[in-house]
Each structure stands twice: as structure tokens, then as C-alpha cells.
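Everything below concerns the one structure shown next.
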Amino acid sequence: MVSEEVSKLVDSLIQKYDGHLISVLENIQLFCNYLPSDYLREVSKQLELPLRDVYGAATFYKTFYLNPRGKHICTVCLGTACHVRGGNFIIEEFERQLHIKRGKTTEDNNFTLETVNCMGACAVGPIVIVDGTYYSYFKTLEARKIIRTILKESEKVDITKDKRIFPVKVNCPKCYHSLMDNEYLIDGHPSVKVTISFLDKHGWYRLSCLYGVYNVESEYERPHGVVANYFCPHCHAEMLGTFLCPLCTTQMVSLVLTGGGSVHVCPMRGCKGHLLDV
Amino acid sequence: MPNIKIDGINIEAPKNWTVLDAAKFLGLEIPSLCYDPGLTAGGNCRLCIVEIRESGRSKIVSSCTYPVQEGLEVFTASKRVVNARKIIIELLVAQCPTSKTLQDLAAKMGVKKVRFMPKWDKCIYCGLCVRMCEEQMTGKAIGFTNRGYNLKITTPFDVTSEDCRRCGGCIYICPVCMARCEGTQPSEVLCGRCENSLQPTCLDIFDNYTCWMGLKGDCGTCITEKDGNNNDLREVKKNN
């Protein structure tokens with residue numbers, strides 16, 4: 001049985017992308033981190049395409065995944081230069097340490113082990129990428145160390161996740177000015193100050209800097225369901241991101257975190273959609 | 001109607017014909033695996049290649065997908081075509097040595113050795129079953145998945161498809177599934193026993209009155225044929 005949520009999401013995506021299969025699949029993957037089978041069946045039903053065509057497209061492209069991917073992705077280069085320098089020993093070491101085969105994900109969904117044929121960095125090979133960080137001249141012994149540090153860090157994140165709430169410091173994605181207002185406190189923490197405009201109103205808007213708290217204060221009261229445009233109070237540029245809200249598929253506002261990463265907030269009043277991209 | 005020339009024979013072919021259609025109309029034999037009159041042309045197996053010469057240049061095209069054009073000059077059995085076809089059938093046999101259709105074609109074309117590493121695959125990816133399912137059975141249950149080395153023909157998610165009616169059309173049309181060659185051993189990729197050595201059914205020579213076919217050797221099965229062509233082929237086989 002297809003849940004209503006799935007069919008609603010697929011329907012909104014199909015309308016947004018004019019029935020283009022690849023764009024729809026890309027956005028489904030954005031929400032789910034992979035392409036679940038019930039979504040694919042729903043896409044084939046709503047686009048009136050045979051399921052074998054949808055499945056064929058999903059398996060043809062390497063950026064589509066039919067199985068859930070781990071939180072941390074380890075990519076080992078097995079190109080000619082890296083292979084000569086011992087790339088296959090490195091991947092074997094990773095396989096031993098993670099107890100999975102290449103291309104698979106650990107049972108706790110923590111790690112995905114992938115191979116790649118060339119990164120174009122043969123001079124500093126063998127190359128390993130873990131969560132976007134490139135490790136050059138990789139030695140097999142390092143694999144264990146890296147996995148251990150990642151596990152430690154993820155434990156840390158879990159502790160904060162248990163509390164569910166932690167303060168963030170955000171900057172404008174265009175001019176990198178801090179958006180923090182130290183004089184105006186919300187929930188005892190400095191607030192995030194932006195300018196918004198909706199309908200014919202234009203004024204300041206303050207959000208709580210605690211991630212997971214939805215307390216806001218605003219110059220003008222905004223009715224529920226109204227989407228506002230968010231602007232930087234320093235450079236007046238609109239802070240529109242590329243992500244779509246997982247709850248209502250509105251284009252999200254992206255704010256850059258001090259120290260790397262970004263926070264995505266849904267600009268619709270009343271929608272609690274938010275993403276943390278570290 | 002375009003006027004084309006196939007192997008020196010002029011023919012006025014209707015506009016929607018392909019080169020293969022025209023050649024078949026003339027009775028010229030072009031081997032083809034993935035072509036079926038009831039299905040759209042796929043152009044996957046490349047066995048039906050012909051040479052086309054225009055303005056001093058020559059190119060090799062698949063005849064099942066090449067539409068007829070005015071002034072086309074086609075050669076269905078030039079040296080270049082025959083050599084190319086031999087390599088193609090060699091590659092196909094190496095991919096799937098257990099197909100009788102392929103082994104017979106290889107024997108017919110005089111392939112005596114397969115120089116490629118046998119893959120012992122069970123599919124040559126001609127796509128006949130996919131087209132059969134879609135066009136004749138209106139099922140759309142099977143399709144190509146993955147790509148490149150991992151290409152496979154299967155149902156979505158590798159489970160029984162709801163679109164499949166179990167008509168068996170895919171198996172019926174498959175050149176590999178239906179006609180199995182049981183002769184090849186893992187050490188020997190090429191078989192061709194069926195085509196190369198027709199066993200004589202009559203052990204003696206009979207005259208027209210006693211020959212039960214009434215043909216005296218014309219059917220090609222009595223012992224007179226054994227001393228002719230077939231023996232030569234056997235010797236060739238031994239030498240290799």
C-alpha cells in the first residue's frame with residue numbers, strides 16, 4: 001500500500017518538474033537519501049510510465065541509489081595510479097574494519113564503502129575520501145584511525161541530539177556577515193536577525209538560534225501558510241538555497257554556519273521543516 | 001519510390017522499407033539474430049551488417065535499421081562485410097557458447113576458432129524479449145537494468161512483475177533460451193556439430209528406383225555426400 005504522504009510528495013514533484021523523470025527521482029533521493037521502491041512504483045503510476053522504465057533509469061545512473069546509504073561515506077580510489085600504490089590493500093583494510101564488502105552499507109547505517117576509478121589526483125595517491133575530506137598518501141593503518149575518530153564524533157553528536165537543542169551561529173551565505181544579534185535575546189541566547197518581505201510588508205524578523213526551537217519574533221505578524229522572502233540585513237541579498245523543504249517542498253532558505261556547514265529553514269510560516277547540512 | 005542497387009541488382013523499394021527488407025524481397029540471405037518481422041528493429045546484434053558505397057566511400061551499417069534511399073549501392077557479402085560478421089559471431093559465441101542458434105550461425109559462416117575468452121553468459125542482450133514483451137504481448141514487464149558490464153535484462157526489483165502474464169513470449173523468441181547447444185564443453189567453445197557434420201541416414205547408394213525418396217542423392221543424406229563436402233569439413237576440423 002502506498003501511503004498518502006508518498007503520493008502527495010510525488011504529485012507535487014511531478015507538477016513542479018513538469019513530469020521530467022530524472023528531476024523527480026533526484027528530488028525523491030534528496031528527501032529519502034535513496035530511492036525507496038514504493039516511491040518508484042508511485043512515480044511510474046503517476047507518470048504513466050512502465051515500472052521497468054523507471055527502474056531502468058534509476059539503475060542506469062550511478063548517482064541514484066536503491067539502497068539506504070550510510071551517514072558516513074568512505075570512497076577509495078582504485079584508479080591505475082592508486083592501484084599501483086596499493087589502493088586494493090586499502091579497500092581490503094576498509095572491508096576488514098567495517099565488516100562489509102565494497103559498495104555496501106554497514107548494518108547500523110553508519111558507513112558506506114564505495115570505490116571510484118579516478119579522482120584526478122593521481123600525484124598524491126592513493127587517495128581516500130571520507131565525508132568529503134581528501135586523504136592523500138593514504139596508508140592502510142590510517143583506515144582504522146579514521147573510522148575510530150568518526151565513531152567517536154558521531155557519539156558526540158548523538159549526545160547533543162538527545163538534548164535535541166543546541167545553539168548555532170549563522171552567517172549570510174552571500175556576504176558572510178554574522179546574522180547574530182547579541183543585544184536581542186530569544187530563549188536567553190542571541191537571536192538570528194534577518195529581513196523578510198511578504199505580501200506588501202517588509203520588516204525585521206528574529207529567529208531563535210537554538211536548533212530545533214521554533215520561537216520567532218517579528219515586526220509584522222505573518223499569517224500561517226504565507227511564504228516570505230528572506231534577505232540579509234547587511235548586503236540585502238536574498239538568501240535562497242537549493243534544497244526543497246521535506247515537509248512542504250517550498251524552496252528553503254540557507255544560512256551558513258560559523259565553522260562550516262549550513263542550516264536550511266523553511267520560509268513558510270507554520271512549517272517546521274529544517275535541515276542541518278554539516 | 002527510391003531506386004537502390006543491392007549486389008548489382010536494381011530494385012525499386014517502397015519508401016518505408018529498410019535495406020534488410022529489400023534484400024529479403026530479392027531473396028538475398030543476410031544473417032540476423034535480433035530482427036523479427038513482427039517487432040521494431042533493434043540493431044543490437046549487428047549481424048545483419050552490409051556495406052554501403054556512396055561517392056567513393058564505403059561504410060558498414062546495420063541493414064535492419066537503415067532505410068532505403070535513392071541511389072544507394074549495397075553489398076551484402078563483400079569481403080569486408082564477411083570478415084566483420086565473422087568477428088561479430090565470434091564475439092557472440094564467446095559471450096554465450098550454449099546457444100544452438102549462435103553455434104549454427106558460426107558454423108555456417110565458417111568460423112573455425114574463437115579467439116576470445118568465453119564468458120559463459122546466458123544472454124547476448126539482443127533485446128528481443130524486451131521488444132516482444134512490449135510490442136506483441138503489451139506487457140512491459142521486463143527491461144534493461146544497470147549499464148555497461150553490469151547490464152541485465154530483468155523485471156523491476158528482480159521480483160515477479162505485476163505486468164507479467166506468464167505468456168512465455170520472451171522465452172519463445174530468445175535465441176539462447178529455446179535452442180540450447182548441449183555439445184560445447186568448457187574446454188571447447190565452438191561446437192557446430194549439427195551444421196558441420198550431417199550424419200548420413202542412408203548407408204548405401206541406391207538408384208532412382210530403390211531410393212525411397214526417389215531422388216538418388218539429391219536429399220543430401222545418403223552416403224555419397226559423405227565423400228564430398230562433409231568429409232572436407234571434418235578434415236578441417238581435425239587440423240584445427
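Chain naming here is simple, since letters A, B, ... match the order of the sequence lines and numbering starts at 1 in each. Model, not experiment: these values are computed from the prediction.
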Is the [atom1] atom of [X] crowded by more than 12 outside heavy atoms at less than 6.0 Å?
X: Glu48(A); atom1: CD; result: no
X: Phe89(A); atom1: CZ; result: no
X: Arg144(A); atom1: CZ; result: no
X: Phe116(B); atom1: CZ; result: yes
X: Lys119(B); atom1: NZ; result: yes
X: Ile9(B); atom1: CD1; result: yes

Counting only heavy atoms closer than 4.5 Å, note whether [X] contacts chain A via side chain, backbone, both or neither.
X: Ile142(B); result: backbone
X: Thr155(B); result: backbone
X: Phe144(B); result: backbone

Heavy-atom pair with the smallest gap, counting every atom of [X] and [Y]:
X: Arg41(A); Y: Val159(B); answer: NH2-CG2, 4.4 Å
X: Tyr55(A); Y: Pro156(B); answer: CD2-CA, 3.6 Å
X: Thr59(A); Y: Asn146(B); answer: OG1-N, 3.1 Å
X: Lys140(B); Y: Arg52(A); answer: O-CG, 3.6 Å

